Amino acid sequence: MIISWNTTRACNLSCVHCYRDAGAAETGELTTAEGKKLLDEIARAGFKIMVFSGGEPLMRPDIRELIAHARKLGLRPVLGTNGILITPETAAGLKEAGAACAGISLDSRDREKHDWFRGYEGAWEETMKGIAACREAGLPFQLHTTVMNWNEDEVTAITDLAVELGAVAHHIFFLVPTGRGKDIEDTTLKTQQYEALLEKILAKQAEVPIELKPTCAPQFMRIARQKGIPMRFTKGCLAGTSYCVILPNGDVHPCPYLPLKAGNVREAPFDAIWRDSALFHELRHQPLKGGCARCGYGDICGGCRARAYYYSDGDYLAEEPWCACGR
């Protein structure tokens, strides 16, 4: 089980696609004490992997303290960051606090394209310095790439770069139009592009020694089964079943891209929300609709619930719109 906490809305970049519309810190973000209480409740609920993200989590002055608390509870703390603020001292401090891995965003091998997408000239260069700092400190890192129609042709080349840099994994995020991502909906991959890239990623996995993981593209599980490719993963879309996200103000959502509130950790303990939320129960037990009900792969795929929500006027049980299966 894996969980994300958007620890802050503050960010040092202005990324074109940001699902959290990050920039300035949000009024009423969880305090250090509230964060530690939340981590206690997350551990009590049985979660194992704790993702600290944002915004930019390194803009929280207490991030090392929170990571150390998570580690003390037996959680596996990992970081989702743009990497720019990772100096050699920061990398060493994160490792000392107990961080297990840093997920660092890199969206193109072309520095100008990456800088444009991240809204900051010099972002590529500074991110590469952050990667080097992790490597030198012995802090494992992986690359995170958001894929759209303008960079789909270089995804496997970024995988090669990840291998060259010493990354332990390359996770490829398929854009879901939420937050500022709604403004670039026309860049999302549609059915044929979507399927073709997933097949390419699965083929690439056989060639490289690091883990490749499509995210917000649960059909990779169906394609893997059809091709007889073994997977260590159990299901594609985990929203509300073995994954959820905590927002900076304590709201609990099924995933970062599905803007539905299951509760707030200031009003009820997180483990109670996870156990009792009607929204989570529906995601876990209600049958899916349309092609997702007919395809026969619902147990391992599940269709992207956030994409279904966006393209069906709010029906998160609707069919995944860009899947080739079940039609």
Side-chain angles (χ1 to χ4, degrees), residues 1-6 15 17-20 47-54 76 78-83 101-108 117 141-149 151-152 154-156 158-159 162 167-179 181 184 187-190 193-202 204-205 208 210-224 229 231-245 253-259 283 297 300-310 316 320-323:
M1 290 170 60
I2 181 171
I3 188 167
S4 297
W5 174 20
N6 295 149
C15 302
H17 69 308
C18 182
Y19 64 84
R20 199 54 69 217
F47 284 83
K48 301 300 181 186
I49 300 176
M50 180 68 235
V51 183
F52 293 91
S53 65
R76 185 174 189 269
V78 299
L79 208 64
T81 173
N82 56 52
C101 187
I104 300 176
S105 298
L106 193 73
D107 303 294
S108 177
F117 190 59
F141 67 93
Q142 61 190 47
L143 296 192
H144 290 173
T145 299
T146 299
V147 62
M148 293 141 291
N149 60 12
N151 68 348
E152 63 171 315
E154 61 172 315
V155 166
T156 55
I158 299 173
T159 296
V168 297
H170 182 202
H171 287 199
I172 299 113
F173 291 74
F174 285 61
L175 180 70
V176 178
T178 186
I184 56 169
T187 70
T188 60
L189 303 189
K190 304 307 190 284
Q193 295 169 297
Y194 201 135
E195 294 271 321
L197 182 55
L198 286 175
E199 292 200 12
K200 190 175 180 181
I201 291 167
L202 289 175
K204 187 68 174 177
Q205 179 65 91
V208 295
I210 65 173
E211 175 186 274
L212 304 187
K213 171 65 165 61
T215 300
C216 297
Q219 298 90 324
F220 83 93
M221 291 292 291
R222 181 254 302 163
I223 294 172
I229 301 171
M231 287 277 116
R232 75 169 182 86
F233 310 104
T234 56
K235 191 176 181 183
C237 182
L238 306 177
T241 59
S242 56
Y243 174 74
C244 70
V245 63
H253 287 189
C255 89
Y257 315 104
L258 184 52
L283 285 165
Y297 294 96
I300 58 167
C301 172
C304 176
R305 295 301 93 216
R307 198 172 282 112
Y309 174 88
Y310 179 82
Y316 50 87
E320 154 78 55
W322 306 131
C323 183

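Fair warning: this is a prediction, and the values are worked out from it, not measured in the lab. For this chain, numbers begin at 1 and follow the sequence in order. Only heavy atoms go into these numbers, but all of them, side chains included; no hydrogens, no water, no symmetry mates.
Listed by chain and number, the residues in a side-chain hydrogen bond (donor to acceptor under 3.5 Å, both in side chains) with T145 are H170 (sequence neighbours excluded). Under the side chain to side chain contact (heavy atoms under 4.5 Å, CB included) criterion, I3 pairs with I42, F47, M50, C244, I246, F270, sequence neighbours left out. Partners of E152 by side chain to side chain contact (heavy atoms under 4.5 Å, CB included), not counting sequence neighbours, listed by chain and number: V147, N149, L189, Q193, L197. Among residues two or more places apart in sequence or in another chain, the ring-ring contact (aromatic ring centres under 6.0 Å, His included) test is passed with F174 by Y194. For H144, the ring-ring contact (aromatic ring centres under 6.0 Å, His included) partners at least two apart in sequence or on another chain are H171, F173. Shown here are the side-chain hydrogen bond (donor to acceptor under 3.5 Å, both in side chains) partners of S108, two or more places apart in sequence or in another chain: E154. Shown here are the side chain to side chain contact (heavy atoms under 4.5 Å, CB included) partners of K48, two or more places apart in sequence or in another chain: there are none. A306 pairs by the side chain to side chain contact (heavy atoms under 4.5 Å, CB included) definition with V176, C255, Y257, L258, C304, not counting sequence neighbours. For K204, the salt bridge (Lys or Arg N to Asp or Glu O under 4.0 Å) partners are D160, E207, not counting sequence neighbours. Remark: Y309 pairs with no residue by the side-chain hydrogen bond (donor to acceptor under 3.5 Å, both in side chains) rule, at least two apart or across chains. Residues satisfying the side-chain hydrogen bond (donor to acceptor under 3.5 Å, both in side chains) test with Y19, not counting sequence neighbours, are N6.
No side-chain heavy atom of Q142 sits less than 4.5 Å from a side-chain heavy atom of K213. The side-chain heavy atoms of R222 and E195, taken from C-beta on, include a pair separated by under 4.5 Å. Counting only heavy atoms from C-beta outward, the side chains of Q219 and L198 approach each other to under 4.5 Å. Residues P256 and Y243 form a side-chain contact, since some pair of their non-hydrogen atoms from C-beta on lies under 4.5 Å apart.
Taken from CD1 in I223 to CG in L202, the straight-line distance is 6.5 Å, to the nearest 0.5 Å. Between S53 atom OG and N82 atom CG the span is 12.0 Å, to the nearest 0.5 Å. With rounding to the nearest 0.5 Å, the separation of CD1 in I184 from OG1 in T146 is 8.5 Å. Rounded to the nearest 0.5 angstrom, R20 CZ and C15 SG are separated by 13.5 Å. Note that OH of Y310 and OG1 of T178 are 9.0 Å apart. Values are rounded to the nearest 0.5 Å. A distance of 6.0 Å separates NE2 of H17 from CG of D107, quoted to the nearest 0.5 Å.
Pairing each heavy atom of G80 with each of V51, the nearest pair is N-CG1, 4.4 Å. Nearest heavy atom pair, residue P321 against residue R307, reads CG-CG, 3.7 Å. I201 and L212 get closest at one heavy-atom pair: O-CD1, 3.6 Å. The two atoms that bring M231 and A224 nearest to each other are CG-CB, 3.6 Å, heavy atoms only.
For the salt bridge (charged side-chain N to carboxylate O under 4.0 Å, His left out) condition, no pair includes a residue of residues 234-243, sequence neighbours left out.
In this structure, the side chain of R305 does not engage the main chain of C237 through any donor-acceptor pair within 3.5 Å.
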